[in-house]
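What follows is a short report on a single structure.
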Amino acid sequence: MRLILNLDEDLSEFYALVANDPELSWAAAGSGRMLRTPTVFEAAVKTICTTNVAWSATVRMVNALVDNLGERAASGAHAFPTAEAMASVPESFYRETVRAGYRSAYLHALASGVVAGEFEIEELGLQADVPDDEIASRLLALPGIGPYGAAHLMMLLGRHSRLILDSWTRPKYAKINGRKAGDAAVQRRFRRYGRYTGLAFWLYLTRDWVPDEPVPGS
DNA sequence: CGTCCAGGTCTAC
DNA sequence: GGTAGACCTGGACGC
């Protein structure tokens with residue numbers, strides 16, 4: 001559970017930074033915990049399943065993966081499939097059964113690469129000495145993972161330097177901000193948070209998820 | 001029933 | 001190195 005909620009991560013430096021920002025000071029009360037998955041592989045698969053689709057489709061695809069390839073636990077529930085299980089079925093399975101469309105090739109290639117040792121992604125969450133740029137490069141090398149996916153996965157790994165810019169965060173920022181802003185402008189707005197740039201952006205966007213917090217203009 | 005598009009990525013200029 | 005086009009699917013729309 002500590003892993004899932006990432007409770008061991010030290011965010012004190014970030015809290016000190018937001019204390020000086022009127023629009024983010026609320027976050028110093030202990031926000032910034034990201035839900036993690038047990039494995040980086042699972043997070044990567046789910047991330048691929050979020051790209052260029054509505055959330056309902058993401059849920060549909062992930063459920064299909066779990067139901068068809070996940071090992072049944074003693075409780076009767078299916079676990080998330082292992083890379084081995086996902087590599088053992090052909091790409092056609094992802095098209096025809098999971099209905100993952102063009103993501104099918106990505107999913108199969110990712111699983112196969114992990115099994116073959118080509119992508120050693122489970123280590124990425126542990127190597128604190130490796131700079132964010134290298135972590136990003138490793139993630140961008142994964143099939144179906146681009147700038148959005150890499151930023152998303154890095155947040156889950158406790159690497160908060162990247163902004164998650166996508167069709168949800170861009171308009172959400174514009175709404176809160178009061179007017180549209182280009183990616184570069186958003187980058188500048190949160191630049192002062194340094195290695196917590198992405199986290200500051202994320203909390204700015206999700207402030208209305210926090211119960212009992214008065215949101216300006218709502 | 002056709003068009004559009006949703007928490008993008010890849011490839012080819 | 002930046003930028004169009006293609007890309008699966010299914011649900012939400014307009015007609």
Side-chain angles (χ1 to χ4, degrees), chain A residues 6 31-37 40-69 80 86 89-114 118-119 121 124 133-177 180-190 197-210:
Chain A
N6 202 10
S31 299
R33 302 300 172 181
M34 301 293 142
L35 289 179
R36 280 187 165 187
T37 53
V40 177
F41 174 71
E42 178 177 340
V45 168
K46 287 179 175 175
T47 298
I48 289 174
C49 290
T50 67
T51 59
N52 202 26
V53 286
W55 257 104
S56 59
T58 298
V59 173
R60 179 183 54 73
M61 287 186 275
V62 171
N63 282 338
L65 289 174
V66 170
D67 291 344
N68 289 285
L69 297 176
F80 193 86
M86 286 187 61
V89 293
E91 180 187 323
S92 58
F93 172 85
Y94 294 97
R95 288 191 176 272
E96 297 164 12
T97 302
V98 181
R99 307 296 292 169
Y102 67 84
R103 296 167 202 76
S104 300
Y106 301 150
L107 294 173
H108 190 260
L110 174 66
S112 299
V114 166
E118 182 184 353
F119 310 128
I121 56 178
L124 295 180
D133 282 346
E134 187 179 331
I135 299 291
S137 298
R138 296 269 298 273
L139 292 172
L140 288 171
L142 301 177
I145 298 296
Y148 151 78
H152 182 72
L153 288 170
M154 285 179 72
M155 285 276 263
L156 299 179
L157 292 173
R159 304 285 186 143
H160 303 114
S161 62
R162 264 57 174 184
L163 298 180
I164 298 178
L165 293 165
D166 57 38
S167 65
W168 184 79
T169 60
R170 289 189 179 99
K172 178 77 174 182
Y173 177 81
K175 183 180 179 183
I176 298 174
N177 187 43
K180 290 183 184 177
D183 291 353
V186 179
Q187 185 73 245
R188 284 195 299 278
R189 161 70 175 86
F190 294 94
T197 298
L199 181 57
F201 178 55
W202 184 252
L203 291 176
Y204 181 83
L205 297 182
T206 58
R207 179 177 184 173
D208 60 3
W209 292 5
V210 180

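Proteins come first, then strands; the chains are lettered A, B, ... in the order of their sequence lines, and each starts at number 1.
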Over all strands shown, is [X] touching base, sugar-phosphate only, or nothing at heavy-atom distances under 4.0 angstrom?
X	result
A:L142	sugar-phosphate
A:L165	nothing
A:T169	nothing

Considering only atom [atom1], compute the distance from [N] to [M] and round it to an integer number of Å.
N	M	atom1	answer
C:dG1	B:dG8	P	25 Å
C:dG10	B:dC10	P	22 Å
B:dT9	C:dG11	C1'	22 Å

Inset, instruction - Apply side-chain contact (heavy atoms from CB on, under 4.5 Å) to A:R188 and list each qualifying residue two or more places apart in sequence or on a separate chain. - result: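 Residues passing side-chain contact (heavy atoms from CB on, under 4.5 Å) with A:R188: A:A184, A:A185.
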[atom1] of [X] versus [atom2] of [N]: gap in Å, rounded?
X	N	atom1	atom2	value
A:N52	B:dT9	CG	P	9 Å
A:L110	B:dT9	CG	P	14 Å
A:H152	B:dT9	NE2	P	11 Å
A:W168	B:dC5	CH2	C1'	18 Å

Can you confirm whether [X] sits close enough to [Y] that some side-chain heavy atom of one is under 4.5 Å from a side-chain heavy atom of the other?
X	Y	result
A:L69	A:F93	yes
A:R103	A:V98	no
A:R207	A:I176	no
A:R170	A:D183	yes

Let me check something: any side-chain donor-acceptor pairs from residues 134-154 of chain A under 3.5 Å, sequence neighbours excluded? List them with distances.
unit_1 : atom_1 : unit_2 : atom_2 : d
A:S137 : OG     : A:D133 : O      : 3.0
A:R138 : NH2    : A:E120 : O      : 3.0
A:Y148 : OH     : A:T50  : OG1    : 2.8

Inset, instruction - On the 0 to 90° scale, with breaks at 30° and 60°, tag the A:W209-A:W202 ring pair as parallel, tilted or perpendicular. - result: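 A:W209 vs A:W202 ring planes: perpendicular.
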Legend entry - Residue-phosphate contact under 4.0 Å: A:T50 side-chain N/O, B:dG8 OP1/OP2: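 Answer no for this pair, as no side-chain N or O of A:T50 is under 4.0 Å from OP1 or OP2.
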Inset, instruction - Identify whether NZ of Lys or CZ of Arg in A:R189 sits under 6.0 Å from the centre of the six-membered ring of A:Y173 and within 45° of that ring's axis. - result: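 The answer is no, since A:R189 fails at least one limit relative to A:Y173.
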Inset, instruction - Give, ordered by number, those residues of residues 59-66 of chain A having at least one heavy-atom distance below 4.0 Å to an atom of DNA chain B; if nothing qualifies, reply none. - result: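 The stretch gives none, as no residue of it lies under 4.0 Å from the strand.
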Legend entry - Residues touching DNA chain B, which here means a heavy atom under 4.0 Å, drawn from residues 95-109 of chain A: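 Within this stretch, A:Y102, A:Y106 sit under 4.0 Å of the strand.
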Legend entry - Watson-Crick and G-U pairing of DNA chain C written in dot-bracket, each distance under 3.5 angstrom, with | for inter-strand partners: .||||||.||||||.
Inset, instruction - Considering only heavy atoms of chain A and a distance under 4.0 Å, specify the first and last nucleotide of DNA chain C in 5' to 3' order that meet this criterion. - result: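 The footprint of chain A covers C:dC7 to C:dG10.
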